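Quantities reported herein were computed from a predicted structural model and do not represent experimental measurements.
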Amino acid sequence: GYLLKGASGGQADVNGEFMFTVQEAFKIENGKVGTPLRGVTISGKAFEVLATVDAVSDKFEWGLGGGMCGKGQPARVDAGGACVRCVATVGGR
C-alpha cells in the first residue's frame, strides 16, 4: 500500500472521474511508512473509490490550502479531512 498526502493540480469530471498529482507519497513497508516516492498521481472514479473505503482515521486535519476550482469559479476545493484507506489507481516511481 501507499500513504498519500495532499493533492496539487489535476481534474475531476462531472462523471466522477478524477486524476490528481500527489504532494507527498510513501510506500508502506511491513506496516510502517517507508520509501518516499516522487511523481505520483492518483486516479479513479469517485463513487467506485469511495465504495472501497474500509477504514477511516479518528484524526481530522483541517487546512485550507490554495485549492480553487480550475474553471475560474470562486469555489474552494480543499479543506482537509480524515485519512481513509481505499483502493484507487496509483502511478509514479
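- Taking both residues in full, the closest heavy atoms of Asp54 and Arg85 are given as OD1-NE, 2.8 Å, listed atom of the first, atom of the second, then distance.
- Interatomic distance, CD of Glu17 versus CD of Glu48, reported as 8.5 Å (0.5 Å rounding).
- The side-chain hydrogen bond (donor to acceptor under 3.5 Å, both in side chains) check on Asp58 picks up nothing, with sequence neighbours excluded.
- Other residues sharing a hydrophobic cluster with Val33 under the 4.5 Å side-chain heavy-atom criterion for ILVMFWY residues are Leu3, Phe26, Ile28.
- Rounding to the nearest 0.5 angstrom, the gap separating the CG atom in Leu50 from the NZ atom in Lys45 is 14.0 Å.
- Taking the side chain as every heavy atom from C-beta outward, Thr89 and Ile42 never approach each other to under 4.5 Å.
- In this structure Cys86 satisfies the side-chain contact (heavy atoms from CB on, under 4.5 Å) test together with Val49, Thr52, Val53, Val84, sequence neighbours excluded.
- Tyr2 and Met19 fall into different hydrophobic clusters, where Ile, Leu, Val, Met, Phe, Trp and Tyr residues are linked whenever their side-chain heavy atoms come under 4.5 Å apart, directly or through other members.
- In this structure, Lys5 and Val22 have side chains that are not in contact, with every pair of non-hydrogen atoms separated by 4.5 Å or more.
- Partners of Lys32 by side-chain contact (heavy atoms from CB on, under 4.5 Å), not counting sequence neighbours: none found.
- Residues satisfying the side-chain contact (heavy atoms from CB on, under 4.5 Å) test with Thr21, not counting sequence neighbours, are Ser8, Thr41.
- Looking at every heavy atom in both residues, Ala88 comes nearest to Ser43 through CB-O, 3.8 Å.
- To the nearest 0.5 Å, the span separating CG on Leu4 from CZ on Phe20 amounts to 13.0 Å.
- Val87 forms part of no hydrophobic cluster, judged by ILVMFWY side-chain heavy-atom separations under 4.5 Å.
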